[in-house]
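I have placed the structure first, in the form of structure tokens, so that the comments after it can refer back to it.
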Amino acid sequence: MDASTFRWVLIIIALLLALGIYLYGQHQARLRKRSAIETFTREEIDSAFIEDEQLRFELDNLNQILKENESEENQENLDEIEINPARDIQKTPYALPDPEIHVPKLLETKDQDRLVNYHLRHDDFCLITGEEANSAVQHAGLELDAEGYLRYTEEGGNSFQVASLSEPGHFLEIEQLEFATQGFNCFIDLDSCENPRLAYEAMLKKIDELVRMLNLKVYKPDQELLTISDVSAIREQLD
């Protein structure tokens with residue numbers, strides 16, 4: 001056998017060995033795969049699938065039940081909530097009584113015909129703070145007298161006084177933080193006034209200043225609003 005023929009024989013033997021090894025490996029792989037499949041039968045596969053579907057169904061069903069229960073509980077809670085209980089209750093309407101207007105002792109025994117007397121206050125009886133009152137009083141040029149009332153005096157003795165509409169009626173504590181008043185009681189004592197007509201005009205001027213600064217309204221002692229005709233009538237009487 002020559003060398004060339006011997007080489008071809010060796011090549012053919014090597015190819016056959018390689019092919020045999022490859023085929024043997026493929027055969028072993030198929031056996032392992034078949035063995036793995038046979039250990040997990042179709043019945044077991046179907047059973048696992050069914051159990052998974054049942055579990056999913058039960059979970060979905062449970063979620064639905066929980067949602068329905070939660071919805072019912074929320075509805076019951078909402079039914080128990082009362083947004084505005086008083087709206088559905090029929091009550092007899094009533095108005096709070098107006099605060100009592102304080103009359104200072106200086107005016108209690110005085111003949112009302114000998115007084116010109118006006119009340120300056122909010123229409124809803126809202127209190128005026130001490131800070132507001134003190135600022136307005138100083139701006140209007142009113143001063144405290146010995147009795148604690150406010151007084152305005154012009155040259156020639158034309159003057160009027162101001163009492164508080166709240167007890168105790170004076171303004172001695174007007175600079176304190178806790179001071180508050182329902183308003184001002186501006187009055188002229190005709191028996192002690194040298195020139196009532198000039199004093200009245202001065203009082204009207206200062207009343208206008210206080211009303212503008214504190215957004216007040218002017219009332220007569222009977223709590224009726226003061227009108228222009230009322231002012232004209234007083235002017236005629238004082239003349």
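Just so it is clear, the values below take in all heavy atoms, side chains as well, and ignore hydrogens, waters and symmetry mates.
Residues Phe187 and Tyr219 fall into different hydrophobic clusters, defined by Ile, Leu, Val, Met, Phe, Trp and Tyr side chains chained together at heavy-atom separations under 4.5 Å.
Residue Leu238 forms a side chain to side chain contact (heavy atoms under 4.5 Å, CB included) with just one option from Ile188, Asn195, Leu190, and that option is Leu190. Just one of Leu120, Leu225, Val211, Leu226 meets the side chain to side chain contact (heavy atoms under 4.5 Å, CB included) condition when paired with Lys217; it is Leu225.
Geometric assessment of Arg235 against the ring of Tyr200 yields a negative cation-pi assignment under the 6.0 Å and 45° thresholds.
Taking the side chain as every heavy atom from C-beta outward, Phe160 and Val116 never approach each other to under 4.5 Å. Residues Gln161 and Arg151 have side chains in contact (heavy-atom distance under 4.5 Å, counting atoms from C-beta outward). Taking 4.5 Å as the limit, some side-chain heavy atom of Tyr118 sits within range of a side-chain heavy atom of Leu204. The shortest distance between side-chain heavy atoms of Arg121 and Leu216 does not fall below 4.5 Å.
The distance from the CG atom of Leu127 to the OG1 atom of Thr181 is 7.5 Å, given to the nearest 0.5 Å. The CD atom of Glu236 lies 9.5 Å from the CZ atom of Arg197; values are rounded to the nearest 0.5 Å.
Counting heavy atoms of neighbouring residues, nucleotides and ligands inside a 6.0 Å radius, atom CD of Glu201 exceeds 12 of them. Other residues, nucleotides and ligands contribute at most 12 non-hydrogen atoms within 6.0 Å of the CD atom of Glu143.
Scanning both residues, Glu132 and Leu214, for their nearest heavy atoms gives O-CD2, 3.8 Å. Between Ala199 and Cys193 the shortest heavy-atom distance is CB-SG, 3.5 Å. Taking both residues in full, the closest heavy atoms of Val162 and Cys186 are given as CG2-SG, 3.9 Å, listed atom of the first, atom of the second, then distance.
Remark: side-chain polar atoms of Asp208 are not paired, donor with acceptor, to backbone N or O of Lys205 under 3.5 angstrom.
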Just list the side-chain donor-acceptor pairs under 3.5 Å for residues 133-142, sequence neighbours left out, or say none.
from   : atom 1 : to     : atom 2 : distance (Å)
Asn134 : OD1    : Gln138 : NE2    : 3.4

Could you go through residues 165-173 and list every donor-acceptor pair under 3.5 Å that involves a side-chain atom there, pairing it with any protein atom two or more places apart or in another chain?
from   : atom 1 : to     : atom 2 : distance (Å)
Ser166 : OG     : Gln182 : N      : 2.9
His170 : ND1    : Leu172 : N      : 3.2

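Clustering of Ile, Leu, Val, Met, Phe, Trp and Tyr side chains at separations under 4.5 Å places Ile12 together with Leu16.
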